[in-house]
Amino acid sequence: MSAPTAPSPSAAGSGRNATERFAQKQRNVATVDHARVSAIATDAIQALHEVIRKHRVDYAEYDALKAWLIRVGEDGEWPLFLDVWVEHVVEEVVNADRKGATGTIEGPYYIPGSPEFRSEATLPMRDGEKGTPFVFQGTVTDLDGGPLEDARVELWHADDDGYYSQFAPGIPEWNLRGTVLTGPDGRFTFHTIKPAPYQIPTDGSCGALIAAAGWHAWRPAHLHLKVSAPGKQLVTTQLYFEGGEHVQDDVAQAVKPELILRPTPAASGAGEEVTYDFALDPEA
């Protein structure tokens, strides 16, 4: 069977999907801390005031900003904008005291409820799925190295064309998405393909900002993971590939040295493999 044809998702389509998914996300509802909201909002607004004064922003630029903000909403790209340029700092603050596995941003393309497997999985993929065969394996432990049974290891990533299932047309619903539940030894194994680097959508408002600023829109190839276990803190992370394009200049600024994979030729002789372990912190 011939290899699949690359889809051509639009920024509007991708952004709309990301916005709809975010709207469905469960959030803790708590009493509003008015003093905290006031402090954060005041500091944020005053910081923007200082940027305007520093760069002597004029009315033409101010109107361009208003038009762009409106377009971000129309394109449904607020999740994309925030996840690319803001989330990495939130993650840094939230995980400052974590002692175990290193976290990084989630990004806008996570979908809960992927197909579940016990200990070992071949991720759902199309017949003739393009890409280098790849085995990703490891162990989930506590901070003392004890294996954790029934840990959940969720994996999702882009295909060889840089597109995600459920966010691009023509890709099966759960393509390259799956969850492994570890056994008593805490081990997990995924059989998949290596993802490709990709550009974030550039035909919408985020692309307009990138073009106006003279930036690039590229993210390095990466695996997304959520790893959790009873009584342990969930860690959300991404893993990158040594020597990969844009590892040093990721548009989302999410790469950390601890998250670099160094694959070797697979023992089977087909493709590559790597072992990466996760030590989970206890629940706070």
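Numbering of residues begins at 1 and proceeds along the displayed sequence.
- Taken to the nearest 0.5 Å, the OG1 atom of T179 stands 10.0 Å off from the CG atom of L225.
- Residue pairs satisfying the side-chain hydrogen bond (donor to acceptor under 3.5 Å, both in side chains) criterion with at least one member in residues 269-284, sequence neighbours excluded, are listed as follows: Q137-T275, K194-E272.
- N175 has its side chain within reach of E129: a pair of non-hydrogen atoms, C-beta onward, lies under 4.5 Å apart.
- Contact between A254 and L259 at its shortest, heavy atoms only, is O-CD1, 4.2 Å.
- Listed for the Q166 side chain is a donor-acceptor partner under 3.5 Å among the backbone atoms of E173.
- I111 is connected to Y198 through a chain of hydrophobic side-chain contacts under 4.5 Å among Ile, Leu, Val, Met, Phe, Trp and Tyr, so both are in one cluster.
- Summarising the local packing, CD of E120 is surrounded by more than 12 heavy atoms from other residues, nucleotides or ligands at distances under 6.0 Å.
- Hydrophobic clustering of Ile, Leu, Val, Met, Phe, Trp and Tyr side chains at less than 4.5 Å, counting indirect connections, unites F136 with I260.
- The main-chain N or O of E87 is never found under 3.5 Å from a side-chain atom of D83 such that the two would form a donor-acceptor pair.
- Residue pairs meeting the side-chain hydrogen bond (donor to acceptor under 3.5 Å, both in side chains) criterion with at least one partner in residues 38-50, sequence neighbours excluded, are E50-R53.
- Within the 4.5 Å cutoff, the side chain of W218 has no heavy atoms near those of the V251 side chain.
- Other residues, nucleotides and ligands contribute at most 12 non-hydrogen atoms within 6.0 Å of the CG atom of D97.
- Relative ring orientation between H246 and H216 is described as tilted, the plane-to-plane angle lying within the 30° to 60° band.
- Using a 4.5 Å cut-off on side-chain heavy atoms (C-beta onward), L123 and W174 make no contact.
- Closest approach of A221 to A196, counting heavy atoms only: CB-C, 3.7 Å.
- With contacts defined as side-chain heavy-atom distances shorter than 4.5 Å, the pair P124/P172 does not qualify.
- By the rule that hydrophobic residues join a cluster once side-chain heavy atoms approach within less than 4.5 Å of another member, V86 and L80 end up as members of one cluster.
- With values rounded to the nearest 0.5 angstrom, W156 atom CH2 is found 13.0 Å from Y109 atom OH.
- Under a 3.5 Å cut-off, the side chain of K130 and the backbone N or O of I193 do not form any donor-acceptor pair.
- In this structure a side-chain-to-backbone donor-acceptor pair under 3.5 Å is present from D75 to S205.
- Between the OG1 atom of T141 and the CG atom of D185 there is a distance of 12.0 Å, given to the nearest 0.5 Å.
- Residue C206 holds its SG atom at 10.0 Å from CH2 of W215, rounded to the nearest 0.5 Å.
- The shortest heavy-atom contact between S119 and G183 is OG-N, 3.7 Å.
- Under the side chain to side chain contact (heavy atoms under 4.5 Å, CB included) test applied with P195, the options L223, D159, T132 reduce to a single match, L223.
- Contact check for M125 versus L176: side-chain heavy atoms found under the 4.5 Å cut-off.
- Taking the six-membered ring for Trp, H157 and F190 have ring centres at least 6.0 Å apart.
- Placement of W78 and I70 in two distinct hydrophobic clusters is found when ILVMFWY residues are connected by side-chain heavy-atom separations under 4.5 Å, directly or transitively.
- Using a 4.5 Å cut-off on side-chain heavy atoms (C-beta onward), I210 and I200 make contact.
- Taking CD of E91 as the start and CD of Q253 as the end, the distance is 12.5 Å to the nearest 0.5 Å.
- Side-chain atoms of D142 and P282, non-hydrogen and from C-beta on, never get closer than 4.5 Å to each other.
- By the 30° and 60° cut-offs, the orientation of the rings of F81 relative to W68 is perpendicular.
- Minimum heavy-atom separation, A101 to F278: CB-CD2, 3.9 Å.
- Distance alone, capped at 3.5 Å, is enough to place a donor-acceptor pair between the D58 side chain and the A60 backbone.
- To the nearest 0.5 Å, atom CD of residue E61 and atom NE2 of residue H55 are 10.0 Å apart.
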Under 3.5 Å, which donor-acceptor pairs link side chains of residues 235-242 to any protein atom two or more places apart or in another chain?
residue, atom, partner, partner atom, Å
T236, OG1, K226, NZ, 3.0
T237, OG1, T102, O, 2.8
Q238, OE1, R219, NH1, 2.9
Q238, OE1, R219, NH2, 3.1
Q238, OE1, Y240, OH, 2.8
Q238, NE2, I105, O, 3.0
Y240, OH, R219, NH2, 3.1
E242, OE2, R262, NE, 3.0

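- The side chain to side chain contact (heavy atoms under 4.5 Å, CB included) test with R118 is passed by exactly one of V180, T182, D150: D150.
- Side chains of V274 and F134 form a contact here, defined as non-hydrogen atoms less than 4.5 Å apart.
- Judged by distance alone, the side chain of R177 and the main-chain N or O of S165 form a donor-acceptor pair under 3.5 Å.
- Transitive grouping of hydrophobic side chains (ILVMFWY, heavy atoms separated by less than 4.5 Å) keeps Y62 and V72 in distinct clusters.
- The two residues G103 and N95 make their nearest non-hydrogen contact at CA-ND2, 4.4 Å.
- Between F188 and F117, the ring center distance fails the sub-6.0 Å criterion.
- In this structure, S114 and G178 approach most closely via the heavy-atom pair OG-C, 3.3 Å.
- Residues E154 and H224 have side chains that never bring a donor and an acceptor to within less than 3.5 angstrom of each other.
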